[in-house]
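Order of appearance sets the numbers: ligands from 1, and atoms from 1 within every ligand.
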Amino acid sequence: MAMVAPDLLAWITDVSKVTRPSRVVWCDGSKTEAKQIAAEMVKRQELIKLNKRVYKNCYLFRNRQDDVARLEDRTLICTKNKDDVGPTNNWMSIDQAKSMLNELFDGIMNGRTMYILPYIMGPLGSKYSEFGLEVTDSPLVVLTTGILTRMGKTALKTHKNGDKFVRGLHSIGNLDKQNRYIVHFPEEDLLMSVNTNYGGNASLSKKPHALRLASVQARRNGWLAEHMFISEIEDPNGKRVYIAGALSSGSGKTNLAMIKPPKIFKEWKVRTVGDDIAWLHNHEEGRMIGINPENGFFGVAYNTGIESNPNILNCIRSNTLFTNVGLTKEKTPWWEGLTSTVPKDVVDWTGKARLKTTCATVANRNSRYSTPLSQYKMKSVEYDNPDGVPISIIIFGGRRADLVPLVYEAYGWEHGILMGAMMRVETTAAIDTKMGSVRADPMAMVAFCGYNMADYFKHWVDFYKGLKQKPRIFFVNWFRKDEKGNYMWPGFSENFRIIKWMIDRLTNKVDAIATPIGYVPKLESLDLRGLKIKNKTIERLLYVNKSGWLEELKATNEFFAKFGDRIPKELWEEYHKLEKRLKD
Ligand code: OXD
Ligand code: MN
């Protein structure tokens with residue numbers, strides 16, 4: 001407590017006066033504390049302790065059925081000037097938001113405990129790390145934040161005079177969906193979230209702080225806060241390359257970050273630095289440096305199994321908090337994809353016996369595991385290196401049943417930024433919205449960029465311009481379907497073949513074909529040994545459909561038009577070059 005600045009203490013006092021909790025607890029982030037909070041929750045039947053023989057120190061939490069995903073229409077950014085948030089964000093005036101929230105928070109913690117969670121985003125002692133402090137009445141948030149960040153005493157000890165804290169206030173309230181809000185005040189480093197207990201809305205350190213607020217800070221200070229994994233790829237000679245990839249929510253970003261190469265590449269190693277968020281800096285020498293601000297994984301459980309992500313399965317056998325998965329008679333968690341058959345007598349994610357259930361699935365499609373990065377076997381030793389890792393490749397990608405090739409490479413960095421800015425993808429269960437419709441999701445950041453995305457594109461251009469060594473930019477789509485609706489590419493570990501192609505491109509080891517949209521692999525430059533796939537299928541996966549792309553450009557034009565004349569000229573230049581190549 002000694003290290004907490006007086007203005008922060010004053011804010012906590014103010015917040016207590018409004019919310020009126022019965023008890024205040026400063027969390028120290030220790031294992032004992034987490035165990036005690038979990039035990040209290042178990043006693044109140046808010047949490048289920050899983051079978052400790054097979055899932056040691058693991059728990060299951062069930063969110064209320066209408067509170068299992070991010071709620072984008074209620075995610076607000078409040079600034080003095082509406083134009084600063086742009087057309088992809090919901091704006092509310094600061095005064096209106098504060099008076100609405102003050103009313104909602106009035107006495108909201110009555111009879112409850114207020115937990116105070118100081119945390120660090122980023123490795124200890126890193127000049128790239130930032131501090132935050134969340135005040136919450138949710139013991140679930142305490143447990144989640146304890147896993148996903150460096151939370152508690154460490155944060156207070158490491159904090160130095162003058163270091164800023166992002167402040168966050170959260171309450172479960174009464175989970176009233178009509179009054180559910182996730183609100184950001186980037187001009188005062190303040191977050192407020194109410195009537196929700198879903199991780200993506202309630203654990204403020206993650207999306208609200210590390211992406212929405214951090215993106216604004218990053219622009220101010222010349223770096224980037226991105227919705228990206230970071231992986232380390234080590235070749236058979238021990239040479240390491242770091243890749244950062246922005247894939248839209250629910251497009252297998254975690255699985256890609258943890259990919260296990262197919263058997264024929266057994267001398268290659270993929271290790272994870274982070275699976276969801278990357279903070280990217282321009283190092284003094286002009287290299288792009290990345291850190292993972294998080295300390296754990298909040299991965300989608302549904303469909304995670306031996307095929308999609310064999311590496312995570314061991315990690316989630318201990319110290320893991322599951323949300324909205326099914327429960328077997330043996331008190332183990334279950335979700336579709338974990339095993340091939342549904343266990344008899346499994347209880348679904350809502351707590352009902354499978355046979356009586358009206359749910360289509362046992363686990364919710366956005367069911368999650370929160371698990372510590374430190375216990376993940378295939379982590380990179382660099383994951384907590386305060387100096388970060390040097391990034392050589394940037395990947396963009398999302399889920400598209402048609403048009404977008406399996407992989408293509410930018411002609412240059414400006415073109416690569418346009419590729420990211422043009423990204424349109426199918427929506428998935430991570431958002432409380434209709435699944436499967438195609439929407440613009442530039443750089444996988446549409447839900448996470450805390451300011452006007454036109455200014456964000458300009459910031460990308462300026463940032464890249466300033467780099468002496470510019471990472472090459474690629475685009476991937478693992479999700480192409482044929483006429484019968486079947487996936488054309490096997491995906492999962494086989495995606496490593498595409499990663500390897502990218503790495504070979506860095507050293508010009510492999511050839512590519514210049515197409516209007518960028519370079520695609522020459523068939524023989526892809527290492528497809530041991531894979532049963534027809535050449536014809538690969539050719540289709542890499543085919544560039546010019547008329548389809550001209551339609552795509554129209555959609556981009558409509559999207560860019562929403563920003564008036566704010567889209568940077570560099571992107572328009574690339575847009576027109578692309579249009580010309582497609583028309584030629
Ligand atoms: C996530 C998301 O939870 O992107 O990572 O929604
Ligand atoms: Mn994400």
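Side chains of Ser138 and Asn197: a donor-acceptor N/O pair is present below 3.5 angstrom, by distance only.
Per-residue contacts place Asp276 under 4.0 angstrom from the following atoms of ligand 1 (heavy atoms of the residue considered): 5 (O). Atoms of ligand 1 found under 4.0 Å from any heavy atom of His227, numbered from 1 in the order shown, are 4 (O). Distances below 4.0 Å separate heavy atoms of Phe448 from the following atoms of ligand 1: 4 (O). Contact atoms of ligand 1 toward Arg368: 1 (C), 3 (O), 5 (O), 6 (O) (distance under 4.0 Å to a heavy atom of the residue).
Nearest to the Mn ion (ligand 2), among the N, O or S atoms that Asp276 has, is OD1.
When non-hydrogen atoms are compared, ligand 1 lies under 4.0 Å from neither the backbone nor the side chain of Lys253.
Of the charged side-chain nitrogens involved, at least one lies within less than 4.0 Å of a carboxylate oxygen, so that Lys253 and Asp276 count as a salt-bridged pair.
For Phe559 and Phe563, the distance between ring centers is under 6.0 angstrom. The ring of Trp279 has its center no closer than 6.0 angstrom to the ring center of Tyr128. Between Trp335 and Phe322, the ring center distance clears the sub-6.0 Å criterion.
Protein heavy atom closest to atom 4 (O) of ligand 1, with residue, atom name and distance, is Ser249 OG, 2.6 Å. Protein heavy atom in closest approach to atom 5 (O) of ligand 1: Lys207 NZ, 3.0 Å. Nearest protein heavy-atom neighbour of atom 6 (O) of ligand 1: Arg70 NE, 2.9 Å.
Backbone or side-chain N, O or S atoms of Lys207 reach the Mn ion (ligand 2) at under 2.8 Å.
Met228 places a side-chain heavy atom less than 4.5 Å from the side chain of Ile394.
Cation-pi geometry between Lys207 and Phe448 is satisfied (NZ or CZ under 6.0 Å from the ring centre, within 45° of the ring normal).
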